[in-house]
There are 2 protein chains.
Amino acid sequence: MSSNSQDPLAPLVRKLGLWSPLDSQDEEAVLALPYTLRTLTAHSYIVREGDNPESSCLLVSGFAYRQKVVGNGGRQILALHMKGDIVDLQNSLLRTADHNVQALTKVEVAFIPREAVKKLAFGRPSVGMAMWYDTLVDGSVQREWTANVGRRDATTRMAHLLCEFGIRLEDAGLGDRCDYELPMTQEQLADATGLTSVHVNRTLMALDRDKITDRNKRAVRVVDWNRLAEVGDFSSEYLHLQDEVAAPR
Amino acid sequence: MSSNSQDPLAPLVRKLGLWSPLDSQDEEAVLALPYTLRTLTAHSYIVREGDNPESSCLLVSGFAYRQKVVGNGGRQILALHMKGDIVDLQNSLLRTADHNVQALTKVEVAFIPREAVKKLAFGRPSVGMAMWYDTLVDGSVQREWTANVGRRDATTRMAHLLCEFGIRLEDAGLGDRCDYELPMTQEQLADATGLTSVHVNRTLMALDRDKITDRNKRAVRVVDWNRLAEVGDFSSEYLHLQDEVAAPR
DNA sequence: CGACGTGTTGAAGGAGCTCAATCTAAGTGG
DNA sequence: CCACTTAGATTGAGCTCCTTCAACACGTCG
């Protein structure tokens with residue numbers, strides 16, 4: 001491990017390294033990316049729909065979400081992001097942001113000039129492949145979310161979200177899938193699952209009543225992971241955690 | 001135009017060229033990709049969830065869709081694809097397919113070995129950028145679909161789908177947004193919008209009754225595009241049709 | 001202390017679902 | 001050319017999951 005864990009870019013090196021094996025030169029090149037570090041309060045906009053940002057951004061600490069507002073005023077939360085996630089890789093290529101990215105909690109964000117990202121991607125193929133891979137996994141998660149809100153009932157949707165968040169936290173080394181802090185209001189959960197906050201409340205209470213979870217404020221304790229995964233129709237393949245680029249056949 | 005329009009890969013050159021300007025060497029490199037052309041009947045699987053395909057595939061003619069089956073037996077159609085779309089770019093990097101790709105009509109598909117795709121992507125940065133761009137646009141469309149099924153009512157969802165399909169057909173030079181053939185059953189439309197076929201039927205009939213569309217079998221004639229777009233809460237930004245990589249600031 | 005954001009609960013209503021019947025058009029085989 | 005089949009579209013009736021609206025509880029923070 002040549003990456004200094006104090007370095008704001010270290011989580012990025014870690015993440016990219018999971019996708020594609022990086023040699024020390026690759027790692028150094030990533031760590032050499034120019035960036036501006038900024039601390040934002042909860043609810044701040046990191047990217048606004050319609051912006052033409054000159055930077056991509058990396059989530060260095062805290063949690064964020066992607067979001068879109070539709071014509072009738074409804075809001076759909078599209079994805080959740082945590083430390084090490086590149087919340088806006090697309091801005092290195094696409095010109096106009098097609099959705100909003102907002103801070104869920106207080107966050108630290110590293111803004112990296114798009115030109116630097118592009119140069120790195122094509123200058124060091126392993127890094128480029130890892131970034132592309134990251135984009136593809138994002139797409140896979142988005143498909144799962146489409147299926148989640150499109151074809152699952154309320155209980156299943158909620159349980160699925162709880163599973164995904166737990167697994168991803170654990171994978172990022174940020175917590176335990178069976179005991180974590182979910183930094184979202186029930187209204188935000190509603191916007192993530194395509195429900196209303198009232199119904200989210202009833203659904204969560206039912207999971208508690210059935211002894212599948214045991215919540216306390218925002219703290220989620222999963223009493224029976226297997227049952228939660230079953231109720232949530234959850235299977236982690238879509239997160240592509242195992243099959244790195246170079247995985248043996 | 002050095003690309004021969006008879007060449008199965010020509011639509012790919014066209015599409016990538018829209019995203020990122022390609023010089024003649026780039027175009028030749030794309031056309032030089034090795035591939036196997038196959039004709040498949042409607043309903044055939046092009047990729048199956050869980051497969052570890054050794055090829056990416058390009059839709060040379062016909063229509064296809066991505067699809068996922070959830071625990072309760074429900075099916076969610078995740079995306080629609082037409083001539084020139086790379087229906088499986090992700091398989092060049094991801095190992096395991098996370099969803100199914102199926103032929104909607106009779107299709108011709110070119111299977112391109114993943115190694116060749118990777119080599120091209122990193123050997124010719126303009127092409128690689130165009131491919132990455134394509135991936136990003138796919139992601140954007142997927143987000144819109146998530147919002148569509150998550151936060152819009154039945155009428156809006158259907159109208160939105162009709163708008164998207166029309167615009168994309170037109171953009172691909174395959175038809176007129178106000179008069180086209182939608183090669184889907186109402187059950188498939190239901191799976192795409194997260195509704196039931198019965199409700200899709202009532203919704204479509206209401207659009208006809210309101211003189212917004214005028215359908216005849218699978219033929220869709222849009223009587224009033226502006227009203228359809230309004231009812232469908234449709235705005236084409238998420239398709240990123242205008243803002244190519246090299247677009248002037 | 002009062003105000004605000006969030007969670008919790010109840011009651012009533014509705015958008016969309018389920019089930020099931022009927023209709024239509026396009027085969028298909030004799 | 002016609003009887004038969006079949007996939008898909010259309011329609012009706014009843015039901016349910018989730019929404020809406022509204023009230024109340026609770027903790028935090030100025």
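Worth knowing before you read on, the calculation uses all heavy atoms, side chains too, and leaves out hydrogens, waters and symmetry mates. Every chain is numbered from 1, with letters handed out A, B, ... down the list of sequences.
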Taking only side-chain N and O atoms of [X], does any of them lie within less than 4.0 angstrom of OP1 or OP2 on [N]?
{"X": "B:Thr196", "N": "C:dC17", "result": "yes"}
{"X": "B:Lys217", "N": "C:dA26", "result": "yes"}
{"X": "A:Asn201", "N": "C:dG7", "result": "no"}
{"X": "A:Arg218", "N": "C:dG7", "result": "yes"}

Side-chain ion pair, A:Asp191 and B:Arg151, N-O less than 4.0 Å: yes
Cationic N near anionic O, under 4.0 Å, B:Asp134 to B:Lys15: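 A salt bridge is present here (some side-chain N lies under 4.0 Å from a carboxylate O).
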Would you mind reading off the distance between [X] atom [atom1] and [N] atom [atom2], rounded to a whole angstrom?
{"X": "B:His43", "N": "D:dA7", "atom1": "NE2", "atom2": "P", "value": "10 Å"}
{"X": "A:Leu204", "N": "C:dT8", "atom1": "CG", "atom2": "P", "value": "8 Å"}
{"X": "A:His199", "N": "C:dG7", "atom1": "NE2", "atom2": "C1'", "value": "16 Å"}
{"X": "A:Glu187", "N": "C:dG5", "atom1": "CD", "atom2": "P", "value": "11 Å"}
{"X": "B:Gln186", "N": "D:dA9", "atom1": "CD", "atom2": "P", "value": "4 Å"}
{"X": "A:Leu207", "N": "C:dG7", "atom1": "CG", "atom2": "P", "value": "15 Å"}
{"X": "A:Asp191", "N": "D:dT19", "atom1": "CG", "atom2": "C1'", "value": "14 Å"}
{"X": "A:Arg202", "N": "C:dT9", "atom1": "CZ", "atom2": "P", "value": "9 Å"}

Can the positive tip of A:Arg143 be found less than 6.0 Å from the middle of the six-membered ring of A:Tyr238, inside 45° of the ring normal? no
For B:Arg215 and A:Leu195, find the nucleotide of DNA chain D closest to each by heavy atoms; which residue's nucleotide sits nearer the 5' end? B:Arg215
Scan B:Gly194 against the nucleic acid and name what it touches under 4.0 Å (heavy atoms): base, sugar-phosphate only, or nothing.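 Sugar-phosphate contact only.
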Donor-acceptor pair, distance only, cut-off 3.5 Å: does the side chain of A:Ser236 make one with the backbone of A:Leu239?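 Answer holds: no.
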Counting heavy atoms from C-beta on, name the nucleotide in D:dA22, D:dG12, C:dG16 closest to the side chain of A:Val198. D:dA22
Nucleotide of D:dC18, D:dT11, C:dG7 approaching A:Thr185 most closely (side-chain heavy atoms):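 Among the listed nucleotides, the one closest to the side chain of A:Thr185 is C:dG7.
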Once the angle between the rings of A:Phe63 and A:Phe165 is folded into 0 to 90°, is it parallel (under 30°), tilted (30 to 60°) or perpendicular (over 60°)?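 If you compare the ring of A:Phe63 with that of A:Phe165, the planes turn out tilted.
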